[in-house]
Engineer: 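If you scroll down you'll find the structure; I have some questions about it.
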Number of protein chains: 2
Amino acid sequence: MQITRETDYAIRCVQYLSMSPDRIIMIDEISKAKMIPKSFLAKILQRLTKEGIVRSFRGVKGGFQLTKKPKEISILDVIVAIEGSVAMNKCAIDSRLCDLSNACTVHPIWIEMRKWLEDKFREYTFADLIKR
Amino acid sequence: MQITRETDYAIRCVQYLSMSPDRIIMIDEISKAKMIPKSFLAKILQRLTKEGIVRSFRGVKGGFQLTKKPKEISILDVIVAIEGSVAMNKCAIDSRLCDLSNACTVHPIWIEMRKWLEDKFREYTFADLIKR
DNA sequence: TAAAACAGGATAAACTTAGTCCTAATTAAA
DNA sequence: TTTAATTAGGACTAAGTTTATCCTGTTTTA
């Protein structure tokens, strides 16, 4: 039921980048500010880059920057980038993964929960997470 | 983000018991009907018994039975019985588990999500899961 | 050309999941 | 009263996932 540390770190990281969307920020700075192990954070940022949430700059003065405005990035985007989906049961990702395929009365709940979670997490943008 | 197989099995199991709330049903029958490994199911039922969702009867003609009516048991009850809570992040269980204790702008989201999930899962009772 | 950054792959320890297996206790019925 | 059926509970384990680390390579600026 819980998200992983990796996802938690990813959200913190994007939240930090959202506070200075114009700057290019190094892994080291984010790591220190958000208490995220540096080499693990490097991996996470690699993933966020591949998923198009941040862009990276290599070399001296390199670092990371959001590709979009904070209000255009949702928590859902980050969770999906790291975990693939917000489904709570594998059958809500692909119903063939269920061994009770026919007539499982619980299945519709997992489908509904998935949609509901997507809607909820889409509502939270990183613009909301920086106004304090 | 996902529930465990154990929780999935527990829900299926309670759903099966809900279909015949007056009968006492053996592990073996549930195992076969719901495609749950028998010895694993035994452990799950042990837990459900401890948590007061089912009662057990030992010996010949023994088995399990719900302690309450299907409409009085929610999916939330079963998830909490098996997983402890529906919190998506450990900081939503105990805020001391957060290393950013002070001023984490994401924290309120996990608290809110937890409350919503509790409400949502409480709405689904096993009475809903048998009328089909 | 040197130093500063990220990219990507390999590796691994710790933890969790998803079970199994064995013995003991309990109960109904022969 | 014995036997067979059934759950209780503890120990154990294989496989998978999580949470990282480390090393080498590439890119870029000064």
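Below, read A as the first sequence line, B as the second, and so on, with proteins coming before strands; counting in each chain starts at 1. Please read these numbers as outputs of a predicted model, since none were measured by experiment.
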Engineer: Going by the angle between their ring planes, with limits at 30° and 60°, are B/Y9 and B/F40 parallel, tilted or perpendicular?
Structural biologist: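 Rings of B/Y9 and B/F40: perpendicular, as their planes differ by over 60°.
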Engineer: Once you round it to whole Å, what is the distance between C1' of D/dT7 and CZ of B/R47?
Structural biologist: 17 Å
Engineer: May I ask you to verify if any side-chain N or O of B/T49 is less than 4.0 angstrom from the OP1 or OP2 atom of D/dT7?
Structural biologist: no
Engineer: Nearest-Å distance, CG (B/L48) to C1' (D/dT7)?
Structural biologist: 14 Å
Engineer: If I take atom NZ in residue A/K43 and atom P in nucleotide D/dC22, what distance separates them, rounded to the nearest angstrom?
Structural biologist: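 Between P of D/dC22 and NZ of A/K43: 13 Å.
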Engineer: Closer than 4.0 Å, any side-chain N/O of A/Y9 to the OP1 or OP2 of D/dT19?
Structural biologist: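 A/Y9 to D/dT19 OP1/OP2: no side-chain N or O under 4.0 Å.
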Engineer: A/Q46 has an atom CD; how far is it from atom P of D/dA20, in whole Å?
Structural biologist: 16 Å
Engineer: In whole angstroms, how far is the P atom of D/dA20 from the CD1 atom of A/I44?
Structural biologist: 8 Å
Engineer: Could you list by number each residue of residues 12-30 of chain B showing a heavy-atom separation from DNA chain D of less than 4.0 Å, or answer none if no residue does?
Structural biologist: B/M26, B/I27
Engineer: D/dA20, D/dT19, D/dA11: which one has an atom nearest the side-chain heavy atoms of A/T4?
Structural biologist: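 Looking only at heavy atoms from C-beta outward on A/T4, the closest nucleotide is D/dT19.
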Engineer: With nearest nucleotide decided by heavy atoms, which residue, A/I3 or A/K61, maps closer to the 5′ end of DNA chain D?
Structural biologist: A/I3
Engineer: Provide the closest heavy-atom pair for A/D128 versus A/E123 in the form atom of the first, atom of the second, distance.
Structural biologist: OD2-O, 3.6 Å
Engineer: Mark yes when over 12 heavy atoms from residues, nucleotides or ligands other than A/K68 sit less than 6.0 Å from its NZ; otherwise mark no.
Structural biologist: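 For A/K68, atom NZ is crowded (more than 12 foreign heavy atoms under 6.0 Å).
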Engineer: Examine the side chains of A/S31 and A/D28 and answer whether a donor and an acceptor come within less than 3.5 Å of each other.
Structural biologist: no
Engineer: Donor-acceptor pair, B/E72 side chain versus B/K69 backbone, under 3.5 Å?
Structural biologist: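 Answer holds: yes.
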Engineer: Quick one: on DNA chain C, does A/F64 or B/T7 contact a more 5' nucleotide (nearest heavy atom)?
Structural biologist: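 Per heavy-atom nearest nucleotide, the more 5' residue is A/F64.
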Engineer: Grab the CZ-P distance between B/F40 and D/dA14 for me, whole Å please.
Structural biologist: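 It works out to 17 Å between those atoms.
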Engineer: Transitive ILVMFWY cluster of A/F57 at side-chain heavy atoms under 4.5 Å: who else is in it?
Structural biologist: A/I24
Engineer: Evaluate the criterion side-chain contact (heavy atoms from CB on, under 4.5 Å) for residue pair B/S18 and B/I73; output intermediate values, then yes/no.
Structural biologist: CA-CA 9 Å; B/S18 297; B/I73 307 174; 5.7 Å; no
Engineer: Please report, rounded to the nearest Å, how far the P atom of D/dT7 is from the CZ atom of B/R58.
Structural biologist: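 After rounding, the gap between these two atoms is 10 Å.
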Engineer: Tell me, please, the opening and closing nucleotides of DNA chain C, 5' to 3', among those with an atom under 4.0 angstrom from a non-hydrogen atom of chain B.
Structural biologist: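 Extent of the interface on DNA chain C: C/dT17 to C/dA29.
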Engineer: In whole Å, I'd like the distance from the CG atom of A/L45 to the C1' atom of D/dA20.
Structural biologist: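 For the pair A/L45 CG and D/dA20 C1', the rounded distance is 15 Å.
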Engineer: Using the rule side chain to side chain contact (heavy atoms under 4.5 Å, CB included), only one of B/Q2, B/M1, B/M88 pairs with A/V86; which is it?
Structural biologist: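 Testing A/V86 for a side chain to side chain contact (heavy atoms under 4.5 Å, CB included) against B/Q2, B/M1, B/M88 leaves exactly one candidate, B/M1.
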Engineer: Any ion pair linking B/R12 and B/D8 (charged N to carboxylate O, less than 4.0 Å)?
Structural biologist: yes
